[in-house]
Amino acid sequence: MRIAGLSPREFIKHVAFILIGSAIFTFGVHNIHNVTGITEGGIIGLVLFGDHWFGVPASIVSPVLDGLSYLIALKILGGGFLGWSAVATVAVACFYRLWESLPYMLPNLSNQPLTAAVLGALFVGVGVGLVIRQGASAGGDDALALSISKITGWRVGRCYLFTDLTVLALSLTYIPVVKIVFSLITVTISSAVIDVVKDASWDHVEEFAEGLRECLTTAAKRRDR
């Protein structure tokens with residue numbers, strides 16, 4: 001018996017890593033980016049840009065931009081990609097709801113923006129990297145980056161960086177340069193990490209995960225002091 005063209009074991013593995021990646025990605029965004037106010041590139045940044053300058057609500061802009069990105073991906077990457085992306089989208093929504101229902105689990109790094117930028121990038125890079133490694137997308141940003149990669153032959157991380165830098169440049173019209181600098185650090189690091197996780201062997205991914213756990217342990221010790 002095969003499910004979505006995969007053996008049951010392969011199917012469970014795909015779903016499991018999509019869930020793990022979604023959990024890591026959303027945990028970092030909720031506990032670091034949302035707390036410290038580090039802005040985003042990609043579609044989230046465009047949503048904020050549209051709301052600020054044109055007064056178009058995020059509830060309208062976000063689904064429109066995501067929908068356009070997925071339509072492009074459907075044409076370029078095929079229907080199988082959208083099927084796995086649907087699983088990832090549901091997982092992301094559920095994990096966001098879970099983290100929002102719990103107290104913040106990391107120290108407030110608002111006074112340490114560089115630390116927040118680096119640590120946030122690691123969460124986003126590892127989480128998104130695991131999701132797209134399974135042939136899925138956690139949002140319109142991922143779908144757009146993967147489509148650009150397919151068309152241009154660029155590495156996926158470079159495509160993320162291209163879209164993020166473009167949006168952050170637009171954000172300079174209403175966000176102070178100092179804040180944008182830390183966002184640049186975040187998107188640069190996360191783009192590189194996405195490539196590492198997407199293309200590395202699982203042994204390398206496990207080594208990176210161990211390093212991430214050490215970062216979390218250090219952050220927890222600082223919080224308890």
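Note that the OH atom of Y70 and the CG atom of L144 stand 11.0 Å from one another [nearest 0.5 Å]. Atom CG of residue D164 and atom OG1 of residue T186 lie 10.0 Å apart, to the nearest 0.5 angstrom. Once rounded to the nearest 0.5 Å, the distance linking CD1 of I189 with CG of L161 reads 11.5 Å. Expressed to the nearest 0.5 Å, how far CG of L172 lies from CD1 of I180 amounts to 5.0 Å. A distance of 11.5 Å separates CZ in R158 from CG in L165, rounded to the nearest 0.5 Å. Taking CZ from F27 and CG from L98, the interatomic distance works out to 10.0 Å, rounded to the nearest 0.5 Å.
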Given V131 and S22, is the side chain to side chain contact (heavy atoms under 4.5 Å, CB included) satisfied, shown in steps? CA-CA 7 Å; V131 171; S22 300; 4.0 Å; yes
Verdict with reasoning, F123 to H33, per ring-ring contact (aromatic ring centres under 6.0 Å, His included): CA-CA 10 Å; F123 274 104; H33 288 218; 9.3 Å; no
Between L130 and I18, is the side chain to side chain contact (heavy atoms under 4.5 Å, CB included) condition met? List the steps. CA-CA 7 Å; L130 287 174; I18 288 175; over 6 Å; no
Hey, mind stepping through W154 and Y160 against ring-ring contact (aromatic ring centres under 6.0 Å, His included) and telling me if it holds? CA-CA 10 Å; W154 291 355; Y160 276 105; over 10 Å; no
Given I24 and V128, is the side chain to side chain contact (heavy atoms under 4.5 Å, CB included) satisfied, shown in steps? CA-CA 8 Å; I24 293 172; V128 172; over 6 Å; no
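In terms of heavy atoms, A136 sits closest to L146 at O-CD1, 3.9 Å. Minimum heavy-atom separation, T152 to C159: OG1-SG, 4.4 Å. Counting all heavy atoms, side chain and backbone alike, V197 lies closest to G129 at CG1-C, 3.7 Å. Scanning all heavy atoms of the two residues, the minimum distance from T36 to L109 falls at CG2-C, 3.7 Å. The two residues R133 and K198 come nearest to each other via the heavy atoms NH1-O, 3.1 Å. Between A143 and L77 the shortest heavy-atom distance is O-CD1, 4.5 Å.
For residues 185-196, the pairs satisfying salt bridge (charged side-chain N to carboxylate O under 4.0 Å, His left out) are R155-D195, with sequence neighbours left out.
Using modelled atom types, one finds a donor on one side chain and an acceptor on the other under 3.5 Å when comparing W99 with T26.
For F162, the CZ atom sits in a loose shell: 12 or fewer heavy atoms of surrounding residues, nucleotides or ligands are nearer than 6.0 Å.
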Distance-only donor-acceptor hits, side chain of residues 85-96, under 3.5 Å, sequence neighbours excluded:
unit_1: S85; atom_1: OG; unit_2: F81; atom_2: O; d: 2.8
unit_1: S85; atom_1: OG; unit_2: S137; atom_2: N; d: 3.0
unit_1: T89; atom_1: OG1; unit_2: S85; atom_2: O; d: 2.8

